[in-house]
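Right, one structure below, let's go through it.
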Amino acid sequence: MILSPPLLARWRASVSRTASAMRAVHIGVAGVALFIGVVASVVLVPDSRGAWGAGLAVLMVAIAAVDARRFIIPDELTAAALALGLVYAAVEDSQIWAQALAWSLLRGAVPALAFLAVRAGYRRWRGREGIGLGDVKLAAVAGVWLDWQTIPVAIEIAAVAALGAYVIMHFYFHRIVRPTTRLPFGLFLAPAIWIAWILDATLLLYLSAATF
């Protein structure tokens, strides 16, 4: 496939924004998170899926870093995570790759539509945006990578982490937190997707070992 100059320019801009955001957030924290994600994926999931999980970890750390700094999730990173997830689904179920892709796309559509409905409902109720379109697209990433049982797990982990961040800001840093205070939900949802994937993958390994 030949990439057009405009597409290459968008990718270069996305990489530049990611690097800038990671420096701004704290390169040490981002580096540690990236190291933990890659190593944990390979160690906890020692088969070929560990490499796929490492790729997911890299993209989720990048998304979290950008969203933490700029309150935006680059479409290029989301598209890369979606593409990687679809390839992962097809490779892991190569005997029924078409069916695997169809189920993966369906799982991606369901949480994305749910987030989109919440976004529209909140806008109609409060007259302002509550969930960004980047979060809607990231919900699709969760569906593509995770099983039906672990999709809500990822969302719950992200919601609890975001609520904890509000509490910490209010009580520890003594910051005034209002209902209109902006919070980059992608900062919490992106790592939660990887965590849920690890839980799902390690559980499958445990169940497989238990059958022998």
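Note that the structure is a prediction, hence the values are computed from the model and not measured. Sequence positions, counted from 1, serve as the residue numbers for this chain.
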Would a 4.5 Å heavy-atom cut-off, applied to side chains only, mark [X] and [Y] as touching?
X	Y	value
Trp52	Val91	yes
Leu101	Leu86	yes
Ile73	Lys137	no
Leu56	Trp197	yes
Trp103	Leu106	yes
Val32	Val29	no
Arg49	Tyr88	yes
Tyr166	Leu183	yes

Does any N or O in the side chain of [X] come within less than 3.5 Å of the main-chain N or O of [Y], such that one atom is a donor and the other an acceptor?
X	Y	answer
Thr78	Leu138	no
Asp200	Thr150	no
Ser94	Ala90	no
Asp147	Gln149	no
Ser41	Gly37	yes

Search all heavy atoms of [X] against all heavy atoms of [Y] and return the closest pair with its distance.
X	Y	value
Ala100	Ala89	CB-O, 3.6 Å
Ala201	Val45	CB-CG2, 3.8 Å
Arg119	Leu133	NH1-N, 3.5 Å
Ala192	Ile157	CB-CG2, 3.8 Å
Ile193	Leu146	O-CD2, 3.7 Å
Val38	Ala57	N-CB, 4.1 Å

Given the rule that I, L, V, M, F, W and Y join up when any side-chain heavy atoms are under 4.5 Å apart, are [X] and [Y] in one cluster?
X	Y	value
Leu116	Leu189	yes
Ile155	Leu163	no
Trp145	Leu199	yes
Val39	Trp194	no
Met60	Leu44	yes

Problem - Parallel, tilted or perpendicular: ring planes of Phe185 versus Phe188, cut at 30 and 60 degrees - result: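 Tilted: the ring planes of Phe185 and Phe188 meet at 30° to 60°.
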Practice task
To the nearest 0.5 angstrom, please state how far the CG atom of Asp67 sits from the CD1 atom of Ile63.
Solution key: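 So the CG of Asp67 and the CD1 of Ile63 are separated by 9.0 Å.
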Problem - Trp148 atom CH2: more than 12 heavy-atom contacts under 6.0 Å - result: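 Enclosed: over 12 neighbouring heavy atoms sit under 6.0 Å from CH2 of Trp148.
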